[in-house]
Enquirer: 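Sending over a structure as structure tokens; questions will come in a sec.
Since this is a predicted model, take the numbers as computed values, not measurements. First the proteins, then the strands, lettered A, B, ... as listed; each starts at 1.
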Amino acid sequence: MSLSIRNQIPGTVASVTPGEVMATVKVRLAGGQEITAAITREAVRELGIEAGSAVRTLIKSTEVALATGAVEGLSIRNQIPGTVTEVATGGAMAGVKVAVAGGELTAAITRDAAEELGLDAGSEVIALIKSTEIALASS
Amino acid sequence: MSLSIRNQIPGTVASVTPGEVMATVKVRLAGGQEITAAITREAVRELGIEAGSAVRTLIKSTEVALATGAVEGLSIRNQIPGTVTEVATGGAMAGVKVAVAGGELTAAITRDAAEELGLDAGSEVIALIKSTEIALASS
Amino acid sequence: MSLSIRNQIPGTVASVTPGEVMATVKVRLAGGQEITAAITREAVRELGIEAGSAVRTLIKSTEVALATGAVEGLSIRNQIPGTVTEVATGGAMAGVKVAVAGGELTAAITRDAAEELGLDAGSEVIALIKSTEIALASS
């Protein structure tokens with residue numbers, strides 16, 4: 001399977017909290033971090049997702065934000081520390097690669113943001129991903 | 001009113017499943033595909049969306065991912081097959097136009113992704129769109 | 001046309017920075033805040049967006065994150081301070097209404113996040129919105 005979705009991190013489902021329409025799924029990643037995904041309850045049922053399921057978390061690059069320091073009091077559930085390995089700059093956007101425990105993340109952010117944060121290879125960052133932006137694939 | 005949202009596909013609501021905060025709305029597109037949108041319940045109420053309503057599904061290009069083969073076991077509800085008609089490449093991002101039954105989709109993906117998937121005019125792809133990324137307009 | 005997109009804030013375009021595929025558009029909102037939207041260059045051209053254009057910024061509720069304190073060193077361009085007026089809680093998700101200068105924002109966040117942040121009517125928050133999640137409508 002070839003997907004344009006740059007970020008695909010394997011993990012194991014820790015818990016599923018179903019609402020009426022949506023469900024939150026907590027996934028323990030190979031690198032040790034915990035990720036929360038908010039997906040439809042229908043998807044949980046059809047994929048047979050439950051505690052112990054092996055899944056891949058899929059995150060489109062445009063959904064990854066970056067912070068250069070610790071962030072507290074934030075509704076964004078998913079905060080993964082890492083180190084920038086590469087910044088590719090276009091006219092309006094920048095693609096930033098971040099090495100994290102157990103893998104790599106790509107973030108597509110505005111060029112302005114990349115410049116103002118002074119991102120460069122070696123920068124320590126925290127990748128921020130809203131739960132509603134995370135999809136899951138059963139493996 | 002004109003929208004910057006590139007992807008606007010007309011359809012008819014097949015069903016509405018309300019939760020307390022969110023609701024999922026299934027829409028049958030003109031081209032025959034079925035789309036699931038997760039929108040707020042408040043929006044469903046204010047727009048008077050119910051089975052039979054004529055709507056347009058609105059999807060920002062940055063929310064469309066592409067796969068080059070069949071994708072199974074994926075939480076992403078919306079999978080629309082099509083054929084690439086054009087790839088425009090920038091420094092960080094690429095814009096990919098995909099002809100689908102009943103219309104056209106534009107996907108804004110990373111340049112890396114476009115290159116690794118070998119996307120070019122004629123490539124067969126499946127457009128993937130998470131339900132939470134789909135908005136609806138009443139017509 | 002009515003839109004399911006909860007957040008529609010009028011403003012005036014301050015500047016457009018075109019890349020090859022994407023463009024960033026800075027919009028001065030009625031309430032005085034500045035918003036950056038990353039949209040396709042094609043959309044900019046077709047909508048005739050330029051400095052001085054009257055637009056509405058459109059933001060889906062699921063794209064709005066909330067922080068309870070100041071956030072620095074963050075790639076998320078759009079940070080709008082406000083006060084929570086209402087929290088509606090479902091099984092998995094919560095809908096949070098935030099009064100901001102010149103209007104109101106709705107954020108759909110996880111129930112966990114709403115509880116951990118202790119959000120309630122009167123809470124001071126900062127709404128965070130990634131530029132790639134903001135669409136524009138010409139009026």
Enquirer: Side chain, backbone, both or neither: which part of C/Leu66 has a non-hydrogen atom closer than 4.5 Å to chain A?
Expert: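 For C/Leu66, the contact with chain A is made by backbone and side chain together.
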
Enquirer: Check whether A/Lys60 gets within reach of chain C through its side chain, its backbone, both or neither, counting any heavy atom under 4.5 Å.
Expert: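 Interface part for A/Lys60: neither.
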
Enquirer: Which bit of A/Leu128 comes within less than 4.5 Å of chain C, counting heavy atoms only: side chain, backbone, both or neither?
Expert: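 Answer is side chain: those atoms of A/Leu128 sit under 4.5 Å from chain C.
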
Enquirer: Would you confirm whether A/Gln33, through its side chain, and A/Ala101, through its main-chain N or O, come within 3.5 Å as a donor-acceptor pair?
Expert: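 Yes; at least one donor-acceptor contact below 3.5 Å.
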
Enquirer: Give, as side chain, backbone, both or neither, the part of C/Glu133 having an atom under 4.5 angstrom from any heavy atom of chain A.
Expert: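 Side chain of C/Glu133 only, per the 4.5 Å heavy-atom cut-off to chain A.
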
Enquirer: With only heavy atoms counted, which part of C/Ser131 is less than 4.5 Å from chain A, the side chain, the backbone, both or neither?
Expert: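 The answer is the side chain of C/Ser131.
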
Enquirer: Tell me, side chain or backbone of C/Ala38 under 4.5 Å from chain A's heavy atoms, or both, or neither?
Expert: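 The answer is the side chain of C/Ala38.
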
Enquirer: Where does A/Thr132 contact chain C at under 4.5 Å (heavy atoms): side chain, backbone, both or neither?
Expert: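 The answer is the side chain of A/Thr132.
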
Enquirer: Could you tell me whether the side chain of A/Thr68 and the main chain of C/Gly73 form a donor-acceptor pair under 3.5 Å?
Expert: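 Yes.
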
Enquirer: Would you call C/Ile9 and C/Val27 a side-chain contact if the rule is heavy atoms closer than 4.5 Å?
Expert: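 SC-SC contact between C/Ile9 and C/Val27 ruled out.
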
Enquirer: Shorter than 4.5 Å, heavy atoms on both sides: which option in C/Met93, C/Arg41, C/Arg77, C/Met22 has the most such pairs with chain A?
Expert: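 If we count pairs closer than 4.5 Å to chain A, C/Arg77 comes out on top.
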
Enquirer: Please examine the side chains of A/Val84 and A/Asp120, heavy atoms only from C-beta on, and report whether any two atoms are closer than 4.5 Å.
Expert: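 A side-chain contact is absent here, since even the closest heavy-atom pair is not under 4.5 Å.
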
Enquirer: Using a cut-off of under 4.5 Å on heavy-atom pairs, state which of C/Glu20, C/Glu116, C/Arg111 scores highest against chain A.
Expert: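 Answer, by heavy-atom pair count under 4.5 Å with chain A: C/Glu116.
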
Enquirer: Identify which part of A/Leu117 has an atom lying under 4.5 Å from any heavy atom of chain C, answering side chain, backbone, both or neither.
Expert: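 The side chain, not the backbone.
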
Enquirer: Flag the pair A/Thr36 / A/Ile134 as yes when at least one side-chain heavy-atom distance between them is below 4.5 Å, and no otherwise.
Expert: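 A side-chain contact is absent here, since even the closest heavy-atom pair is not under 4.5 Å.
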
Enquirer: Evaluate the side-chain proximity of A/Ile39 to A/Ile49: yes if any heavy-atom separation is below 4.5 Å, no if none is.
Expert: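 Yes, side chains in contact.
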
Enquirer: Heavy-atom cut-off 4.5 Å, strictly under: side chain, backbone, both or neither for C/Val64 against chain A?
Expert: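 For C/Val64, the backbone is the part near chain A, not the side chain.
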
Enquirer: Is it the backbone or the side chain of A/Thr62 that comes under 4.5 Å from a heavy atom of chain C, or both, or neither?
Expert: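 Interface part for A/Thr62: both.
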
Enquirer: At a heavy-atom distance under 4.5 Å, which candidate from C/Thr110, C/Ile76, C/Val96, C/Val125 has the highest pair count against chain A?
Expert: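 Going by pairs under 4.5 Å, I would pick C/Thr110.
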
